[in-house]
Amino acid sequence: MQNAYVGDIGDFAKYGLLRAIRGEGRLGVAWYLHPSPERPAGRQSGDGRHTTYLSDRDNWRNLDPQLFDTLGQLVRGGHRSVRRIEDSGLLGEADFAGEPLDIRRVPIAARAAWRHRWFEGANSTLANCDLVFADPDNGLYPDERFRPTQQVSAKRIPVAEVARLAEGRPAVIYHHNTRRPGGHHNEIQYWMQRLPGCRWAWYWRRWSNRTFFVLNPDTATEQRLRGHANRWKDHSKLLPVPD
């Protein structure tokens with residue numbers, strides 16, 4: 001996640017899902033907040049540019065009016081940050097792990113220990129939550145290829161961290177779909193078979209494609225997930241774990 005993305009179409013999909021499936025329990029959000037890249041004066045970043053849906057009320061607002069209106073206010077007011085999302089009340093009673101995942105100033109030799117400490121702190125912050133959501137900037141990454149010393153790994157979540165966050169409770173894990181050979185459905189099946197307790201994948205098809213993997217859902221969570229996917233079916237698809 002980056003502050004620059006707040007209010008874009010991916011945010012609308014993300015919070016719409018969480019608001020629909022959370023139920024009465026306490027939500028926990030691990031932002032995996034990555035610093036937005038610094039750019040020369042006058043040069044605009046493409047990050048978070050997919051906000052034109054906010055000008056199309058007829059096709060989008062009916063899905064979640066409160067969410068649509070609040071994100072529109074944040075974007076138009078220039079208040080695009082996760083802190084604004086936390087303060088907005090959109091996610092109800094929730095705990096947030098928001099320490100930035102910024103290793104640029106951490107010596108290379110200390111980065112593995114720093115990442116371990118960062119994750120343990122995030123997991124501890126969310127210890128009392130009934131449903132957790134992890135929002136890494138780029139999504140999932142295999143444990144065997146994960147290198148905490150490298151900047152690119154700061155944008156990703158290894159399967160080992162997923163397993164810890166989801167232990168004993170439902171979890172939703174964000175993944176930004178890639179150009180993996182075989183296409184997005186092949187990529188989704190690959191991850192579903194490797195994530196412990198994964199039962200469903202909600203695949204978002206509009207603009208920049210992304211997938212939300214749902215782990216360890218109880219019966220009530222599954223029912224809410226099915227209902228949400230049906231209401232938003234023009235823009236997404238709910239996929240079960242392969243047999």
Side-chain angles (χ1 to χ4, degrees), residues 1-33 46-96 98 126 129-135 137 170-177 200-214 217-239:
M1 180 58 178
Q2 295 181 32
N3 284 321
Y5 296 140
V6 168
D8 72 2
I9 189 63
D11 245 25
F12 185 67
K14 173 199 314 178
Y15 304 133
L17 172 65
L18 295 177
R19 283 163 57 84
I21 72 171
R22 59 163 298 162
E24 300 299 322
R26 190 169 189 86
L27 175 66
V29 177
W31 286 121
Y32 279 71
L33 185 63
D47 295 336
R49 66 187 181 278
H50 298 301
T51 60
T52 55
Y53 78 98
L54 292 168
S55 300
D56 190 3
R57 292 170 59 88
D58 292 342
N59 287 320
W60 294 100
R61 188 177 184 274
N62 64 300
L63 293 172
D64 190 328
Q66 182 186 7
L67 176 60
F68 183 91
D69 291 345
T70 301
L71 293 182
Q73 291 168 6
L74 293 180
V75 170
R76 288 189 294 272
H79 304 306
R80 304 180 72 176
S81 71
V82 297
R83 179 58 61 85
R84 290 284 185 157
I85 294 296
E86 295 175 6
D87 294 341
S88 70
L90 284 173
L91 299 179
E93 292 294 324
D95 293 329
F96 300 95
L126 308 182
C129 295
D130 304 293
L131 167 69
V132 294
F133 170 61
D135 196 13
D137 201 30
V172 178
I173 310 299
Y174 171 86
H175 179 67
H176 197 92
N177 288 103
W200 299 94
W202 189 54
Y203 175 52
W204 182 258
R205 301 190 302 249
R206 299 300 298 270
W207 286 283
S208 185
N209 299 68
R210 61 205 74 211
T211 302
F212 301 86
F213 294 95
V214 182
D218 54 30
T219 300
T221 301
E222 285 199 351
Q223 290 176 343
R224 290 190 290 266
L225 175 63
R226 288 174 179 269
H228 173 75
N230 185 60
R231 290 190 299 274
W232 292 51
K233 62 184 178 182
D234 290 343
H235 313 293
S236 62
K237 186 174 183 179
L238 185 62
L239 303 170

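For clarity, every value in this text was computed on a predicted model and none was experimentally measured. Sequence positions, counted from 1, serve as the residue numbers for this chain.
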Salt bridge (charged side-chain N to carboxylate O under 4.0 Å, His left out) partners of Arg19, counting only residues at least two apart: Asp64

With sequence neighbours excluded, residues passing salt bridge (charged side-chain N to carboxylate O under 4.0 Å, His left out) with Arg61: Asp69

- request: Quick one: list whatever passes side chain to side chain donor-acceptor pair (under 3.5 Å) with Asp135, sequence neighbours left out.
  value: Lys14

message: Could you work out, with side chain to side chain donor-acceptor pair (under 3.5 Å) as the rule, every residue matching Ser236, not counting sequence neighbours?
response: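 So Ser236 forms a side chain to side chain donor-acceptor pair (under 3.5 Å) with Trp202.
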
Could you report the tightest heavy-atom contact between [X] and [Y], atom names first, then the distance?
{"X": "Leu74", "Y": "Ile85", "value": "CD1-CD1, 3.8 Å"}
{"X": "Lys233", "Y": "Arg205", "value": "O-NH2, 3.4 Å"}
{"X": "Trp232", "Y": "Ala13", "value": "CZ3-CA, 4.2 Å"}
{"X": "Thr211", "Y": "Ala201", "value": "CG2-CB, 3.8 Å"}
{"X": "Met1", "Y": "Asp11", "value": "CE-OD1, 3.7 Å"}
{"X": "Ala20", "Y": "His228", "value": "CB-ND1, 3.4 Å"}

Spatial distance of atom [atom1] ([X]) from atom [atom2] ([Y]) [nearest 0.5 Å]:
{"X": "Leu90", "Y": "Leu27", "atom1": "CG", "atom2": "CG", "value": "11.5 Å"}
{"X": "Thr70", "Y": "Gln73", "atom1": "OG1", "atom2": "CD", "value": "5.5 Å"}
{"X": "Asp130", "Y": "Glu24", "atom1": "CG", "atom2": "CD", "value": "10.5 Å"}

message: Does any part of the side chain of Leu71, heavy atoms only, come nearer than 4.5 Å to the side chain of Tyr53, both counted from C-beta?
response: yes

query: Side chains of Leu17 and Leu225: closer than 4.5 Å at any heavy-atom pair?
result: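 The answer is yes; the side chains approach within 4.5 Å.
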
task: Take His235 and Ile9 through the test side-chain contact (heavy atoms from CB on, under 4.5 Å) and record every step on the way to the result.
output: CA-CA 11 Å; His235 313 293; Ile9 189 63; over 6 Å; no

query: According to the salt bridge (Lys or Arg N to Asp or Glu O under 4.0 Å) rule, which pairs have a member within residues 83-92, sequence neighbours left out?
result: Arg83-Glu86

With sequence neighbours excluded, tell me which residues meet side-chain contact (heavy atoms from CB on, under 4.5 Å) with [X].
{"X": "Asp95", "value": "Arg26, Leu126, Cys129"}
{"X": "Glu222", "value": "Arg199, Trp200, Pro217"}
{"X": "Asp56", "value": "Asp58, Asn59, Trp60"}
{"X": "Asn3", "value": "Leu33, Ser81, Val82"}

- request: Determine whether the aromatic ring centres of Tyr174 and Trp204 lie less than 6.0 Å apart.
  value: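 Here the rings of Trp204 and Tyr174 have centres that are no less than 6.0 Å from each other.
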
Listed partners of Tyr203 passing ring-ring contact (aromatic ring centres under 6.0 Å, His included), at least two apart: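 Tyr203: ring-ring contact (aromatic ring centres under 6.0 Å, His included) contacts with His184, His185.
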
field: Qualifying residues under ring-ring contact (aromatic ring centres under 6.0 Å, His included), relative to Tyr32, sequence neighbours excluded
entry: Trp118

query: Can you check whether Thr51's main-chain N or O pairs, donor with acceptor, with Asp8's side chain at less than 3.5 Å?
result: no

message: Determine whether a donor-acceptor pair (N or O, by modelled atom type, separation under 3.5 Å) exists between the side chain of Arg80 and the backbone of Ala4.
response: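 Side chain of Arg80 to backbone of Ala4, a donor-acceptor pair under 3.5 Å: yes, one is there.
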
task: Please report the C-alpha distance between Leu63 and Phe12 in whole Å, then the side-chain angles of each, then the deciding distance to 0.1 Å, and finally whether the side-chain contact (heavy atoms from CB on, under 4.5 Å) criterion is met.
output: CA-CA 10 Å; Leu63 293 172; Phe12 185 67; 4.1 Å; yes

task: Describe, in one word, how the ring planes of Phe96 and Trp31 are oriented to each other, choosing from parallel (under 30°), tilted (30 to 60°) and perpendicular (over 60°).
output: parallel

task: Would you sort out whether Asp137 and Tyr5 count as a side-chain contact (heavy atoms from CB on, under 4.5 Å), showing the intermediate values?
output: CA-CA 10 Å; Asp137 201 30; Tyr5 296 140; 2.9 Å; yes

